[in-house]
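Data first, discussion second: the structure below is written as structure tokens.
These numbers were taken from a predicted model, which means no experiment stands behind them. Quick note on labels: first sequence line is chain A, next is B, and so on, each numbered from 1. Hydrogens, waters and symmetry mates are skipped; everything else that's a heavy atom, side chains included, is used.
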Amino acid sequence: MTKVVTRFAPSPTGHLHIGGARTAIFNWLLARHFGGTFLLRIEDTDQERSLQEYTDSILASMRWLGLDWDGDLIYQGRRFDIYNGYIDRMLETGHAYWCECTPDEVEQMRETARERGLKPKYDGRCRERGLGPGPGRVVRLKAPLAGRVVFEDMVKGTVAFDAAELDDMVLRRADGAPTYNLAVVVDDATMGVTHVLRGDDHVSNTPKQVLIYQALGLPLPVFGHVPMILGPDKKKLSKRHGARAVIEYEQDGLLPQALVNYLVRLGWSYGDQEIFALQELVEKFTTDNLNSSPAAFDPDKLQWLNAHYLRETPVDELARLTAPFVKAEGFDVAPERLAALVPLFRERASNLADMARVMRFMLVDAAALEHDPAAVAKALTAEGKAHVAALRGLLDQADPFDKATLEKVVHDYVEQGGLKFKQVGPPLRVALAGSLGGPGLPEIMEVLGRAETLARLDRAAALG
RNA sequence: GUUCCCAUCGUCUAGCCGGCCUAGGACAACGGCCUUUCACGCCGUCGACGGGGGUUCAAAUCCCCCUGGGAACGCCA
């Protein structure tokens with residue numbers, strides 16, 4: 001088997017979105033699975049809309065996702081000479097011709113065709129005129145008038161189009177720049193790309209590209225078109241659906257493993273398995289299990305996966321990842337303290353931003369702690385406050401001030417008083433946390449420390 | 001409009017070279033267990049082969065039609 005070469009070819013007109021990210025992941029996986037090469041090409045031939053900052057952003061997202069590429073980045077913008085060389089070759093071999101029709105004229109032809117219920121296309125007016133170069137002229141492909149254009153698709157099987165459906169597409173614009181389809185073919189061929197896995201929206205480009213390959217006498221790669229990702233409402237993914245660039249998911253506190261895992265499972269499966277480590281994906285990914293029907297994006301499942309990976313991440317690393325989010329909440333917390341906090345909250349959050357939010361009550365001063373009025377009314381009754389006050393004295397004696405000791409102090413208090421834990425747990429909790437939910441009491445007190453714990457208990461006595 | 005693609009629970013999907021499917025798993029929802037609480041975890045419930053024709057002893061699985069969705073029809077990528 002020849003070496004597999006795949007590529008991802010984003011155009012730097014925006015950030016990397018999840019659809020593109022999935023395509024990138026699939027190509028990366030295909031190359032890595034077969035020990036092949038994964039190339040990255042920036043399709044910046046549209047000088048107007050292409051921005052360097054987007055290239056940078058796309059690269060940053062690729063790295064964040066853990067997708068490394070082989071060799072240097074390829075910029076289409078720097079390869080115009082190569083494209084023009086191939087276009088000249090087609091001109092020489094009679095596979096292309098000069099055309100002087102203006103965009104308006106061509107639009108007129110399309111309009112006419114549409115009115116007649118036909119496929120809008122260029123009518124081939126200049127095909128046999130034998131025109132040479134000249135201002136305002138473009139080069140068009142002399143496409144076959146009849147026959148079928150057939151290609152094998154890794155996900156859809158055999159796909160065929162009537163050649164009559166295709167028109168003489170422009171290869172070189174009036175300004176001398178090559179068009180997308182020409183550039184893609186020349187690039188893929190010269191880069192040695194063997195497998196072109198891309199979005200569904202390119203299926204109808206494929207026969208056009210096949211024609212160019214044939215005109216150039218170049219071998220065809222294997223094509224594969226993965227269905228698009230739909231929004232949760234089954235409609236095309238759009239801004240309305242909230243975050244969609246991978247950078248936004250990063251900012252929302254998602255872990256890259258979760259996004260990768262989720263995206264891969266959207267359109268690909270391996271039996272009933274849901275969780276895949278990156279290395280496992282490399283081992284198991286092949287093109288045969290790609291799904292051919294479009295998939296709707298499900299934020300809930302993404303969060304579930306993220307929560308899973310949150311619990312898998314080592315504490316120190318999780319603390320490091322959470323730091324920026326805690327900072328965004330307005331707190332400057334030492335790494336060691338964050339590492340002590342994280343184990344109490346990792347199971348109570350599904351992403352890093354959540355985590356920072358949910359541990360907020362641990363970071364404020366006793367004086368600034370907010371108490372949920374309903375919880376106060378329910379638990380900090382006269383009896384509740386009495387227990388809190390009694391506990392304050394006992395807890396002050398705890399030595400060492402650690403989880404085990406603290407637990408014993410509270411336990412003994414309940415035992416000796418002939419009480420039920422339900423009588424002292426809730427008031428103590430509201431005093432410490434301000435609400436009725438959260439981590440275990442002993443661990444909260446341990447991380448809070450003696451002074452802060454006592455301060456909170458004192459403050460609770462004054463509440464209500 | 002034309003062409004191409006797609007069609008299993010609300011969602012992601014397994015199954016699809018026909019029988020092992022009274023259709024399996026996961027997310028969500030709901031209920032329970034665990035637990036001082038919340039969460040995690042565990043157990044369970046609800047829930048789908050779009051419709052119609054064929055082929056066959058037998059169809060979610062093969063064929064055709066319909067319907068429904070999507071994409072593309074640029075001197076954008």
Side-chain angles (χ1 to χ4, degrees), chain A residues 9-13 43-46 48-50 76 99 101-103 106-107 110 113-122 136-140 153 155-156 159-162 164-167 169-181 183-184 199-208 225 227-228 230 232 234-236 262 265-275 289 291-305 307-308 311 345-350 358 375 379 410-411 414 420-426 428-430 433 435-441:
Chain A
S11 112
T13 53
E43 310 217 321
D44 57 351
T45 51
D46 185 343
E48 303 268 305
R49 299 193 300 150
S50 296
Q76 285 191 326
C99 165
C101 298
T102 65
V106 177
E107 186 41 49
R110 284 195 255 268
R114 250 190 291 266
E115 280 165 15
R116 291 196 204 142
L118 298 172
K119 183 127 184 160
K121 50 190 265 193
Y122 173 68
R137 291 182 182 176
V138 300
V139 174
R140 286 181 181 277
D153 191 292
V155 356
K156 296 180 191 300
V159 180
F161 287 79
D162 270 321
E165 284 298 317
L166 283 6
D167 68 356
M169 77 193 100
V170 171
L171 302 175
R172 177 193 284 160
R173 292 184 256 256
D175 66 2
T179 55
Y180 166 73
N181 283 120
V184 166
D200 220 354
D201 49 340
H202 284 285
V203 269
S204 48
N205 273 325
T206 307
K208 300 177 187 177
H225 294 93
M228 321 216 61
L230 272 24
K234 280 280 188 179
K235 293 275 172 45
K236 188 178 177 180
Y262 178 74
R265 266 299 272 106
L266 206 59
W268 179 83
S269 60
Y270 191 81
D272 285 338
Q273 190 170 342
E274 298 285 352
I275 309 286
N289 297 321
N291 212 115
S292 54
S293 53
F297 188 84
D298 180 5
D300 286 337
K301 192 159 183 179
L302 210 209
Q303 290 298 322
W304 169 74
L305 265 171
H308 167 82
R311 283 173 246 128
F345 294 96
R346 63 188 330 184
E347 286 176 359
R348 278 163 256 262
S350 53
V358 94
V410 176
H411 182 79
V414 170
K420 297 246 188 234
F421 197 92
K422 269 192 242 174
Q423 294 171 270
V424 336
L428 183 54
R429 175 171 294 284
V430 174
S435 71
L436 253 12
L441 266 8

task: Could you measure between the two P atoms, the one in B/A72 and the one in B/A77, and give it in whole Å?
output: 15 Å
What interatomic distance, in whole Å, is found between C1' of B/G53 and the corresponding atom of B/U67?
-> 14 Å
Rounded to whole Å, the NZ-P distance (A/Lys208 to B/C73) equals 6 Å
What I want to check is whether an N or O donor and acceptor connect the side chain of A/Asn205 with the base of B/A72 at under 3.5 Å.
no
Worksheet entry | Between B/C9 and B/C49 - P atom distance, rounded Å | 7 Å
**Message:** I want to check something: taking the side chain as every heavy atom from C-beta on, are A/Met169 and A/Thr179 in contact at a cut-off of under 4.5 Å?
**Reply:** no
Taken to the nearest whole Å, CZ/A/Phe161 to C1'/B/A72 is 8 Å
**Prompt:** Which value, in whole Å, describes the distance between the P atoms of nucleotides B/A7 and B/C12?
**Reply:** 12 Å
message: Say we look at B/A14 and B/G24: how far apart would their C1' atoms be, to the nearest angstrom?
response: 6 Å
To the nearest angstrom, the NZ-P distance between A/Lys422 and B/C38 comes to 11 Å
Using OP1 and OP2 only, check whether a side-chain N or O of A/Thr45 sits under 4.0 Å from B/A77. yes
A/Leu305 CG to B/C27 P, in whole Å, measures 9 Å
Can you list the steps and then say if A/Arg265 with A/Glu274 is a salt bridge (Lys or Arg N to Asp or Glu O under 4.0 Å)?
CA-CA 7 Å; A/Arg265 266 299 272 106; A/Glu274 298 285 352; 3.3 Å; yes
Query - Gap in Å between the two C1' atoms, one belonging to B/C62 and one to B/G25, rounded - result: 27 Å
Legend entry - Phosphate OP1/OP2 of B/A14: any A/Asn291 side-chain N/O under 4.0 Å: yes
The Watson-Crick or G-U wobble partner of B/A26, with both key distances under 3.5 Å, is B/U11
Quick one: is A/Ser269 getting a side-chain N or O under 4.0 Å of the B/A14 phosphate, OP1 or OP2?
yes
*Which part of the nucleic acid, if any, lies within contact of A/Ala160, taking any heavy atom under 4.0 Å across all strands shown: a base, the sugar-phosphate backbone alone, or nothing?*
sugar-phosphate
A/Asp272 CG to B/G15 P, in whole Å, measures 9 Å
* When only distance counts, do a donor and an acceptor, one from the side chain of A/Glu274 and one from the base of B/G25, lie under 3.5 Å apart? -> yes
